[in-house]
Structures are given as structure tokens and as C-alpha cells.
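Below is one structure; the comments refer to it alone.
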Amino acid sequence: MHVHCYLAGETLFDTGLGLADARWSAVEAERIAITHFHPDHVGGAEAAAAATGATVFQGGLDYAQCERVWGSDDWPERIASWFVRHGAPAAVAEDLIAQGHAFASFIRYAVEPDLLYEGSEVDGWRVLELPGHADGHLGFLRDGVLIGGDHLLQRISPAVGLYPESRPDPLGDYLASLERTIELAPRIVYPGHGEPILDAGVRARELIEHHLRRLDETAEALGYDSRSAYEISLDVFGADLEPTQRRFAVAETLSHLERLVREGRAARAGDDQRVFYTCP
């Protein structure tokens with residue numbers, strides 16, 4: 001799937017992966033604004049800034065996570081241990097470690113960017129904190145136009161997973177961000193993937209309903225015998241997934257399980273080695 005970078009005036013929003021053949025020298029930008037720290041949005045920030053001389057802006061929380069993840073040599077091992085703790089077999093963990101180290105060369109974020117927070121402005125664009133897809137996900141709103149990153153996508157549901165060292169209830173965050181989008185009612189959203197969205201409220205409501213259904217499906221997969229998030233993901237997402245797809249399925253299952261715990265519809269137990277979920 002393609003990732004979109006947008007140039008509005010002299011502000012570039014997102015930078016894609018850090019690919020060697022990116023033609024940043026052809027871009028006239030004074031500012032680079034990052035929606036979130038995922039590789040396909042922040043990976044080319046260092047090169048884009050070097051080629052254009054632009055100042056890079058990134059959310060405060062988002063940059064902190066960027067440093068903890070992409071600025072650390074042991075992130076692949078840390079996230080692999082996290083998934084093992086939640087029941088993932090060795091094959092999934094090994095795939096995570098291999099992919100993590102292979103991806104490292106494509107992620108060159110800008111060090112010490114100007115930090116943004118709710119209510120900040122960049123060239124007249126109002127900064128919105130829209131957590132969910134990423135804890136520190138930002139949107140940029142001006143004159144009814146929302147540069148939305150991966151907060152709102154037309155054809156697919158943005159991934160909302162629980163990961164190590166993250167906010168404890170990403171799905172709760174995302175549902176609140178979707179409600180906020182409905183209230184803001186932007187006339188158009190330019191997303192990180194896919195076509196522009198002309199009725200953000202309708203799409204936001206569709207995504208809310210999707211996650212409410214997924215919560216019910218996740219609750220139905222619970223029993224009184226302890227089960228890991230990995231085991232529950234087999235029921236919710238099916239058993240026939242490649243290791244990479246399973247990783248997303250387990251993370252999504254975890255975000256829904258933690259929302260159910262907060263709603264009193266699930267119980268969590270375990271220790272530093274293993275975590276399990278049951279009916280309350």
C-alpha cells in the first residue's frame with residue numbers, strides 16, 4: 001500500500017520510509033510535520049530535512065516513543081519478549097526479531113525536532129492529538145482540511161494494537177479520537193493511505209461500530225479457563241495467518257481485551273512471564 005506525503009505551501013507532512021532513491025532535493029519545504037512515528041511516515045525525515053533544510057516538527061509523546069523504539073538497538077528483542085509473554089510461539093518471536101533488524105536501515109528519523117502538543121500551530125495548521133493508531137498520533141487542521149495520517153482511512157480499519165511501553169488503553173483512546181473527529185466535522189481528510197475522505201463523520205461512525213462489534217467478538221472468545229491473547233486471536237482473526245499478520249492480530253486482540261477489562265467484561269491475570277484473560 002502506498003503512503004501519502006502532502007506538501008501544503010512550504011510544509012511537508014510525513015516523509016515515507018527512508019529510501020535511498022527519494023528525491024527530496026526537488027521538494028521546496030521550510031517545515032516538515034510528522035503525524036506519527038511509524039516507519040512509513042517518519043523513516044525519511046532525516047534525509048528530507050537534510051535535502052531541504054526544513055525544520056522538523058513532531059509530537060512530544062510521539063518523539064519520545066520514536067527514541068525508545070527506533071533509537072534503541074534492542075527493540076526487536078524487547079517486542080519479541082512482549083509477544084511471547086502474551087502467548088506467541090517462537091516462530092512469531094523469531095520473525096519479529098529478524099524483521100526488526102532488517103527494517104532498521106529504512107528508519108532515519110530526525111533527531112531533536114521541534115516538539116508539538118495539542119493546540120500548537122505549524123504554519124497556521126492547528127495541532128490535534130488523536131491517539132489510537134499510535135499513542136502520540138497528530139492531526140493537522142486548517143480551514144476544514146485535516147491532514148489525518150493513519151487516524152482515519154477509507155478502505156481499511158487503522159490498526160489499533162497494544163504494545164510494550166505504550167498507553168494502557170489504545171482502543172479507548174481511539175474511540176475517543178473518533179468521537180472528536182465527528183465533533184470537529186472536517187470537510188475533507190487527507191489520509192496517509194488511500195483516497196481523501198469527504199465525509200469524516202460517516203467514516204468515523206463506521207469505525208466505531210466496527211470496534212464495538214470486535215469487542216463483542218473478543219468477549220465471546222473468552223471463557224473461564226485462562227487463555228492468552230495469542231490463543232484468543234486465533235478465534236477472533238482465524239488461525240491461517242503468517243507470522244507478521246499474526247503479530248498485528250495479537251496486538252489488536254490485546255487492545256480489545258484491555259478495553260473489555262476496563263468495561264468489566266474481562267479479567268486479566270498473570271505475572272512478568274505470562275499474561276492470561278478470562279471472563280470476569
> Is the closest side-chain donor-acceptor distance between His193 and Asp150 under 3.5 Å?
Replying inline: yes
> Okay, side chain of Ser177, backbone of Asp173: is any donor-acceptor separation there less than 3.5 Å?
Replying inline: yes
> Hey, are Thr35 and Asp14 close enough side-chain-wise for a donor-acceptor pair under 3.5 Å?
Replying inline: yes
>> Which heavy atom of His137 sits nearest to which heavy atom of Gly148, and what is that distance?
In response: CE1-O, 3.1 Å
> Hey, any chance Leu115 and Phe13 share a hydrophobic cluster, counting ILVMFWY side chains that come within less than 4.5 Å of each other, even indirectly?
Replying inline: no
>> Can you confirm if the NZ or CZ of Arg214 lies within 45° of the ring axis of Phe237 and under 6.0 Å from the centre of its six-membered ring?
In response: yes
> Does any N or O in the side chain of Glu252 come within less than 3.5 Å of the main-chain N or O of Val160, such that one atom is a donor and the other an acceptor?
Replying inline: yes
> Is the Phe37-Tyr109 ring centre distance short of 6.0 angstrom?
Replying inline: no
>> For residues Ile197 and Leu130: do they belong to one hydrophobic cluster (side chain heavy atoms under 4.5 Å, members Ile, Leu, Val, Met, Phe, Trp, Tyr)?
In response: yes
> In chain order, what residues pass the salt bridge (Lys or Arg N to Asp or Glu O under 4.0 Å) check against Arg262, with sequence neighbours excluded?
Replying inline: Glu258
> Between Arg259 and Glu263, does at least one N-O distance fall below 4.0 Å, as a salt bridge requires?
Replying inline: yes
> Just one of His133, His211, His256, His210 clears the ring pair (Phe, Tyr, Trp, His ring centres under 6.0 Å) bar with Tyr174, so which one?
Replying inline: His211
> Does one side chain, of Thr181 or His151, offer a donor that lies under 3.5 Å from an acceptor on the other?
Replying inline: yes
>> Any carboxylate oxygen within less than 4.0 angstrom of a Lys/Arg side-chain nitrogen, looking at Glu129 and Arg167?
In response: no
>> Under a plain distance cut-off of 3.5 Å, with no hydrogens placed, do Arg227 and Thr278 share a side-chain donor-acceptor pair?
In response: no
>> Could you walk me through whether Arg78 and Asp73 satisfy the salt bridge (Lys or Arg N to Asp or Glu O under 4.0 Å) test, starting with their C-alpha distance in whole Å, then the side-chain angles of each, then the deciding distance to 0.1 Å, before giving a yes or no?
In response: CA-CA 10 Å; Arg78 280 154 53 209; Asp73 292 334; over 6 Å; no
> Going by an N to O cut-off under 4.0 Å, is there a salt bridge joining Arg85 and Asp271?
Replying inline: no
>> Counting only heavy atoms from other residues, nucleotides and ligands, does the tally under 6.0 Å from CZ of Phe106 exceed 12?
In response: no
> In Å, rounded to the nearest 0.5 Å, how long is the span from OG1 of Thr11 to CD1 of Ile32?
Replying inline: 10.0 Å
> Are Tyr190 and Leu138 in one and the same hydrophobic cluster, where Ile, Leu, Val, Met, Phe, Trp and Tyr link if side-chain heavy atoms are under 4.5 Å apart?
Replying inline: yes
>> If I take atom OH from residue Tyr163 and atom CZ from residue Phe83, how far apart are they, to the nearest 0.5 angstrom?
In response: 5.0 Å
> According to a 4.5 Å side-chain heavy-atom criterion applied to Ile, Leu, Val, Met, Phe, Trp and Tyr, with indirect links allowed, do Ile208 and Val202 form part of one hydrophobic cluster?
Replying inline: no
>> Looking at Arg155 and Glu195, is there a salt bridge between them, counting it only when a charged N and a carboxylate O are closer than 4.0 Å?
In response: no
> Rounded to the nearest 0.5 Å, how far apart are CG of Leu19 and CZ of Arg108?
Replying inline: 12.0 Å
>> Tell me the closest heavy-atom pair linking Ala29 and Leu12, and the distance in Å.
In response: CB-CB, 4.2 Å
> Shortest non-hydrogen contact from Arg274 to Val84?
Replying inline: NH1-O, 3.3 Å
> When rounded to the nearest 0.5 angstrom, what is the spacing between CG in Leu254 and OH in Tyr230?
Replying inline: 13.0 Å
>> Can you confirm whether Glu28 is buried at CD, in the sense that more than 12 heavy atoms of other residues, nucleotides or ligands lie under 6.0 Å from that atom?
In response: no
> In Å and rounded to the nearest 0.5 Å, what is the CG to CG distance from Asp62 to Asp135?
Replying inline: 9.0 Å
> Name the one of Leu146, Ile147, Leu141, Asp143 that satisfies side-chain contact (heavy atoms from CB on, under 4.5 Å) with Trp125?
Replying inline: Ile147
> Looking only at heavy atoms, what is the nearest atom pair of Ala266 and Leu257, with distance?
Replying inline: CB-O, 4.3 Å
> Which pair of non-hydrogen atoms, one from Leu260 and one from Ala219, has the smallest distance, and what is that distance?
Replying inline: CD1-N, 3.7 Å
> Are Arg126 and Glu121 ion-paired here, with the side-chain N under 4.0 Å from a carboxylate O?
Replying inline: no
> CD1 of Ile188 to CG of Leu198: how many Å apart, nearest 0.5 Å?
Replying inline: 5.0 Å
